[in-house]
Trainee: 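Submitted below is the structure of interest, expressed as structure tokens.
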Amino acid sequence: MTNRNKTIAFYLGAFIFISELSFGIWMTHWNHFIPGDAISRVANAYYVLFSRNPHLGAIGFVWNPLPSLLMLPIILFSRWVPQLASEGIAGIIVTAFFAAGASFHLFRCFIKHKQQLVFSLFVVLLFAFNPFIFLYGSNGMSEILFIYFLIFCLTALLDWLDPENGTIPMIMMGFSLALAFFTRYESIIFGVGLALSLTLINWFSKRHEEGSGRLYWYQKWEATELIVLLPAIYSGIVWFVLNWSIMGDGFFFLRSNYSNLAQSEGLSKNPTIGPVIGDFSNVLIFVVERSLPFLIPFLAILIIRTLRRQLFKIDFLCLILLIMSIPIMQTMMLYRGASYGWLRFFAYPMPIVFAWLPYELQKLKELARPLYVLGGCITLILLSTSAFAIGLVMNNQRLAPEEYEAIHYKESPTYSADRLAAQIAHDLDTLLKDNPNTSILVDSFNGFRIILTMKQSGRLVITSDLDFEKSLKHPVGEKIDYILVPKPEGVAALNAVNQQYKNFYNNGADFAQLDKQYGDSWRLYQVVN
């Protein structure tokens with residue numbers, strides 16, 4: 001890149017970062033809306049530094065740890081700027097940075113593949129300000145981090161297709177896939193698709209290398225797969241060992257009370273997911289309906305390939321494999337009743353296409369200038385159409401309940417939960433201030449909003465504390481004074497108190513009597529001898 005283009009790339013990234021951060025702060029600070037999954041990841045980072053028993057293991061062993069790890073340096077400043085934790089702004093800073101990073105990287109790839117500056121800017125802005133990308137770049141969720149690593153991995157794969165680039169792209173693929181694993185579990189099935197793609201590309205290249213026998217091909221294939229996959233495999237082993245050594249079960253992240261499988265157990269009663277479980281035709285309709293807006297950009301590559309007469313080539317088959325990998329995983333999980341089927345689970349084909357576009361457009365440009373102009377115009381039209389279609393879907397409560405909730409935040413349960421959490425946090429702070437020796441037990445699985453909002457949360461007995469399980473089983477002996485418990489509906493039924501004491505929310509126990517009720521969702525019980 002020239003110095004001029006580097007400067008433009010920097011200002012482009014800075015503009016997107018400021019835009020994402022400003023919107024995210026506006027949503028959480030002034031509108032009191034941030035997704036529960038986003039604020040819970042901030043909470044995991046907060047427990048590491050500011051709980052009763054600060055330790056790195058407090059980051060949790062269910063959800064992938066990288067997003068929370070990246071927030072740790074930011075959370076350090078929450079002592080002076082409490083909103084970094086209480087309003088989830090630490091998470092928003094991280095996602096805004098990765099949204100800007102993804103756009104910066106895409107712009108560099110377009111320039112590297114000899115695309116016009118103005119055209120490259122238009123395409124990258126269509127990516128950054130696509131309604132889905134912009135929302136998830138500003139809300140503290142893990143999706144935009146995962147998208148960044150997907151884009152980085154795909155662009156490295158395309159660099160590897162050029163023999164002049166050597167082995168560096170393979171190393172970059174390996175580390176981006178490993179970091180993707182520490183961000184979201186979808187990286188596993190994407191890694192399978194990537195491994196198959198590398199196999200196909202190596203097998204195809206064998207036919208064009210004179211004097212290359214089976215042994216040579218096998219050694220080349222083995223070396224490629226090892227370089228690319230070993231970092232991710234090693235990351236998986238590390239995660240398994242950490243789960244086993246700290247939580248006592250290597251698959252704690254998969255089968256604990258708080259895992260995705262545990263949270264999905266009640267999906268058969270869900271009015272949206274229930275009808276598709278075990279019905280393959282309904283599953284396909286469900287997946288296709290939510291995937292189509294994100295697949296519109298793929299039509300651009302399909303048309304470009306048709307113009308080049310390169311439709312039935314191995315690299316195009318690899319692209320299809322990578323695009324379909326995560327939707328196939330979601331199809332299987334929906335059929336088994338193990339997925340909530342959120343719209344964000346079907347968005348990943350779109351960034352994959354964006355990462356692949358510079359490669360396709362360069363090939364078209366080398367073929368014929370008029371075809372390149374036509375392909376570029378079609379690309380811009382389809383990317384704009386996709387953004388419009390995605391915006392419409394996001395405003396559809398049936399297809400996109402999470403995104404619809406963000407758009408209509410004042411009417412959302414998340415907004416109500418935030419306001420209620422603030423009230424409970426204030427009451428608990430007052431209780432702890434008036435009674436300095438009081439101890440309150442709260443399962444952070446559901447109580448993270450309350451914990452982050454409190455000024456004296458370091459005095460709570462929470463799930464990551466080393467004595468939590470003992471305090472839960474023997475609250476009187478461990479001198480617990482109060483227990484805060486959510487109504488056992490939905491995932492709140494997995495709350496440790498609700499699991500340990502059946503019907504505790506409604507009736508308390510022989511050692512606990514109702515002290516205060518908060519709406520129809522939380523109750524505070526006082527422990528009595």
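All residue numbers in this chain count up from 1 along the given sequence. What you see is a predicted model, and the numbers here were worked out from it, not measured in a lab.
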Trainee: What pairs with H32 under ring-ring contact (aromatic ring centres under 6.0 Å, His included), at least two apart in sequence or on another chain?
Mentor: none

Trainee: Is there side-chain contact between Y404 and N396, with at least one heavy-atom pair below 4.5 Å?
Mentor: no

Trainee: Would you say S40's side chain and D37's backbone share a donor-acceptor pair under 3.5 angstrom?
Mentor: yes

Trainee: Identify, with sequence neighbours excluded, every residue that meets side chain to side chain donor-acceptor pair (under 3.5 Å) alongside Y258.
Mentor: D443

Trainee: Applying side-chain contact (heavy atoms from CB on, under 4.5 Å), name anything that partners S281, two or more places apart in sequence or on another chain.
Mentor: D279

Trainee: Does atom NZ of K363 have more than 12 heavy-atom neighbours from other groups under 6.0 Å away?
Mentor: no

Trainee: Tell me if a side-chain donor or acceptor on S138 pairs with a main-chain N or O of L135 at a distance below 3.5 Å.
Mentor: yes

Trainee: Examine the side chains of T28 and E87 and answer whether a donor and an acceptor come within less than 3.5 Å of each other.
Mentor: no

Trainee: Under the rule for ring-ring contact (aromatic ring centres under 6.0 Å, His included), what residues qualify as partners of F97, not counting sequence neighbours?
Mentor: none

Trainee: First locate atom CZ of F127, then atom CG of L383, and finally report the distance between them rounded to the nearest 0.5 Å.
Mentor: 11.0 Å

Trainee: Got a sec, which residues hit side chain to side chain donor-acceptor pair (under 3.5 Å) with N270, two or more places apart in sequence or on another chain?
Mentor: none

Trainee: State whether the number of non-hydrogen atoms from other residues, nucleotides or ligands found under 6.0 Å of K269 atom NZ is greater than 12.
Mentor: no

Trainee: Measure the CD1-CG distance between I314 and L319 for me, rounded to the nearest 0.5 Å.
Mentor: 12.0 Å

Trainee: For the CG atom of L177 and the CG atom of L194, what is their distance to the nearest 0.5 Å?
Mentor: 6.0 Å

Trainee: Got a donor-acceptor contact below 3.5 angstrom from the S68 side chain to the N44 backbone?
Mentor: no

Trainee: In sequence, state the C-alpha distance, the side-chain angles, and the governing distance for Y185 and N64, and then conclude on side chain to side chain contact (heavy atoms under 4.5 Å, CB included).
Mentor: CA-CA 7 Å; Y185 293 120; N64 315 60; 3.3 Å; yes

Trainee: Does the S412 side chain pair with the main chain of Y415, one donor and one acceptor, at a distance under 3.5 Å?
Mentor: yes

Trainee: Parallel, tilted or perpendicular for F15 and F129, by the 30°/60° rule?
Mentor: tilted

Trainee: Under the rule for side chain to side chain donor-acceptor pair (under 3.5 Å), what residues qualify as partners of Y409, not counting sequence neighbours?
Mentor: N31

Trainee: For E403, what residues pass the side chain to side chain donor-acceptor pair (under 3.5 Å) criterion, not counting sequence neighbours?
Mentor: Y136

Trainee: Is the number of heavy atoms from other residues, nucleotides or ligands within 6.0 Å of CZ (R398) greater than 12?
Mentor: yes

Trainee: Does R336 CZ have over 12 foreign heavy atoms under 6.0 Å away?
Mentor: no

Trainee: Using side-chain contact (heavy atoms from CB on, under 4.5 Å) as the criterion, list what pairs up with N243, not counting sequence neighbours.
Mentor: F61, W239, F252, F253

Trainee: Counting only N and O atoms by type, is there a donor-acceptor contact under 3.5 Å from the side chain of N202 to the main-chain atoms of L198?
Mentor: yes

Trainee: Between S386 and P293 (side chain of the first, backbone of the second, donor and acceptor by atom type, cut-off under 3.5 Å), is there such a pair?
Mentor: yes

Trainee: Is a side-chain N or O of S103 found less than 3.5 angstrom from the main chain of A99, in a donor-acceptor match?
Mentor: yes

Trainee: Establish, from distance only, whether the side-chain atoms of Y372 and Q115 form a donor-acceptor pair under 3.5 Å.
Mentor: yes

Trainee: Go through the structure and list residues passing side-chain contact (heavy atoms from CB on, under 4.5 Å) with S197, not counting sequence neighbours.
Mentor: C318, L321, L322

Trainee: If only side-chain N and O atoms count, and only distance matters, is there a donor-acceptor pair under 3.5 Å linking R184 with S142?
Mentor: yes

Trainee: Would you check if I378 and I381 make a side-chain contact, meaning some heavy-atom pair closer than 4.5 Å?
Mentor: no

Trainee: Under a 3.5 Å distance rule, please check whether N260 uses its side chain to pair with a backbone N or O of S339 as donor and acceptor.
Mentor: no

Trainee: About how many Å separate CD1 of I39 and CD1 of I34, when rounded to the nearest 0.5 Å?
Mentor: 4.5 Å

Trainee: State which residues pass ring-ring contact (aromatic ring centres under 6.0 Å, His included) with F146; sequence neighbours excluded, sorted by chain then number.
Mentor: Y348

Trainee: Taking all heavy atoms of S120 and all of I111, pick out the closest pair and write down the distance.
Mentor: OG-CD1, 3.8 Å

Trainee: Over 60° means perpendicular and under 30° means parallel, so classify the ring planes of F23 and W26, tilted if in between.
Mentor: tilted

Trainee: Looking only at non-hydrogen atoms, find the nearest pair between V276 and V283 and report the distance.
Mentor: O-CG2, 3.1 Å

Trainee: Is it possible for you to check whether R290 lies under 6.0 Å from the centre of the six-membered ring of F286, through NZ or CZ, and within 45° of that ring's axis?
Mentor: yes

Trainee: Start with the C-alpha distance between L117 and F110, add both sets of side-chain angles, then the distance that settles side chain to side chain contact (heavy atoms under 4.5 Å, CB included), and finish with yes or no.
Mentor: CA-CA 8 Å; L117 175 63; F110 273 93; over 6 Å; no

Trainee: Can you tell me if T199 uses its side chain to pair, donor with acceptor, with the backbone of A195 under 3.5 Å?
Mentor: yes

Trainee: What's the spacing between I227 CD1 and I171 CD1 if we round to 0.5 Å?
Mentor: 6.5 Å

Trainee: Walk me through whether L364 and E360 qualify under side chain to side chain contact (heavy atoms under 4.5 Å, CB included).
Mentor: CA-CA 6 Å; L364 188 60; E360 295 292 345; over 6 Å; no

Trainee: Measuring only between side-chain heavy atoms, which start at C-beta, is T224 closer than 4.5 Å to M170?
Mentor: yes

Trainee: Can you find a heavy atom in the side chain of F345 that is under 4.5 Å from one in the side chain of M333?
Mentor: no

Trainee: Please determine whether the number of non-hydrogen atoms from other residues, nucleotides or ligands lying under 6.0 Å from atom CZ of F119 exceeds 12.
Mentor: yes

Trainee: For E489, what residues pass the salt bridge (charged side-chain N to carboxylate O under 4.0 Å, His left out) criterion, not counting sequence neighbours?
Mentor: K487

Trainee: With sequence neighbours left out, what residues match L230 under side-chain contact (heavy atoms from CB on, under 4.5 Å)?
Mentor: L226

Trainee: Are side-chain heavy atoms of L84 and I93 found at a separation under 4.5 Å?
Mentor: yes

Trainee: Given the rule in the side-chain hydrogen bond (donor to acceptor under 3.5 Å, both in side chains) test, do E20 and T95 qualify, once you have shown the distances and angles that lead to the verdict?
Mentor: CA-CA 8 Å; E20 295 277 20; T95 54; over 6 Å; no

Trainee: Would the distance check show the side chain of S259 and the main-chain N or O of A262 forming a donor-acceptor pair, the cut-off being under 3.5 Å?
Mentor: yes

